[in-house]
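Data first, discussion second: the structure below is written as structure tokens.
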Amino acid sequence: MILCQESKTAVVCSGEDTLLIEKATFSVQNHIGSFCGRQTESIFGKCSYDSDLVTKKVEQHCNDHRMCIVTASEMFFGADPCPKENKALNIYYKCNGSGTGTKILVGFIVVFIIIALICFLAWVFYAYKNPTTPSGLWLIKYGRFWKSSIYKEDTAESGI
């Protein structure tokens, strides 16, 4: 994310994910294509705030939050090492998923499948033990679906 000097923006993660700042720089040496002004080489050389300090400040402000407001300014980062130069704040971050929502969903599905399986097995046991009930009759009529074709009924008439 690129933010021009004296600008403010929200850094946001979706859902329950939280921010993890990987690196942040605030310098004149902005990326090509940045809209923060021309890329220049300052009279001070590579004009920038200390990268570790910038990263630490943004980390303290944003890490482990779902959203944070960042301002690319002297007020946020301290004394400007190269005044009157257009600078850009570059923030490299990722969103860490806590996975809470996914874990709950997976847990619910597993519990649902286990309960459904237990109910099915209980029904089969009931139908097997009570063959005159509608469940038992259904099991007798349709419950032989697992029977292999090698167990075909003997249809030959006996010679008795």
Side-chain angles (χ1 to χ4, degrees), residues 1-27 29-36 39 48-73 75-78 87-160:
M1 155 181 281
I2 300 173
L3 184 62
C4 298
Q5 186 171 347
E6 302 306 324
S7 297
K8 179 188 299 194
T9 193
V11 183
V12 182
C13 286
S14 63
E16 296 295 317
D17 292 354
T18 57
L19 291 164
L20 176 65
I21 304 302
E22 294 179 332
K23 183 179 178 183
T25 61
F26 191 36
S27 67
Q29 299 292 322
N30 57 24
H31 293 286
I32 295 172
S34 169
F35 50 86
C36 297
Q39 186 171 349
S48 66
Y49 282 81
D50 178 74
S51 179
D52 292 335
L53 172 74
V54 173
T55 300
K56 186 176 180 178
K57 279 224 173 220
V58 176
E59 282 175 345
Q60 289 172 346
H61 190 67
C62 296
N63 272 359
D64 300 322
H65 296 283
R66 288 182 20 215
M67 180 192 85
C68 73
I69 306 294
V70 178
T71 305
S73 69
M75 194 160 125
F76 187 76
F77 293 108
K87 288 175 277 309
L89 173 62
N90 298 293
I91 301 173
Y92 304 91
Y93 71 96
K94 64 182 179 179
C95 295
N96 280 337
S98 62
T100 304
T102 304
K103 289 177 187 175
I104 290 172
L105 179 62
V106 168
F108 177 76
I109 291 170
V110 168
V111 168
F112 178 77
I113 290 171
I114 290 170
I115 289 172
L117 184 62
I118 290 170
C119 290
F120 175 74
L121 292 174
W123 174 82
V124 168
F125 180 76
Y126 169 79
Y128 181 78
K129 289 293 188 180
N130 301 290
T132 58
T133 64
S135 293
L137 295 172
W138 189 94
L139 186 63
I140 290 168
K141 185 175 182 179
Y142 299 106
R144 306 232 183 246
F145 60 89
W146 59 81
K147 196 171 187 183
S148 174
S149 62
I150 62 171
Y151 295 109
K152 293 185 180 182
E153 292 182 26
D154 184 16
T155 57
E157 291 185 32
S158 61
I160 302 180

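Note that the coordinates shown come from a computational prediction; the quantities given were computed from them, not determined experimentally.
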How far does OH of Y92 sit from CD of E22, to the nearest 0.5 angstrom?
-> 10.5 Å
What one should report as the nearest heavy-atom pair of F26 and K87 is CE1-CB, 3.8 Å
Kindly indicate whether the side chain of T25, heavy atoms from C-beta on, has any atom under 4.5 Å from the side chain of V54.
-> no
Please round to the nearest 0.5 Å and tell me the distance separating atom CG of D52 and atom NZ of K23.
-> 9.0 Å
So how far is it from T18 OG1 to K94 NZ, rounded to the nearest 0.5 Å?
-> 10.5 Å
With rounding to the nearest 0.5 Å, note down the distance linking CG in D64 to CD in E59.
-> 10.0 Å
Relative to the ring of F112, is the ring of F108 parallel (under 30°), tilted (30 to 60°) or perpendicular (over 60°)?
-> parallel
Starting at OH of Y126, measure out to OG1 of T133 and round the result to the nearest 0.5 Å.
-> 4.0 Å
From the options V58, L19, N63, I21, select the one residue that forms a side chain to side chain contact (heavy atoms under 4.5 Å, CB included) with C68.
-> L19
Over all atoms of both residues, closest heavy-atom pair of I69 and H61 = O-NE2, 2.6 Å
Looking only at non-hydrogen atoms, find the nearest pair between W123 and S135 and report the distance.
-> NE1-OG, 2.9 Å
Give the minimum heavy-atom separation between V70 and L89, together with the two atoms involved.
-> CG1-CD2, 3.4 Å
Interatomic spacing from OH in Y128 to CD1 in I140 - rounded to 0.5 Å | 10.5 Å
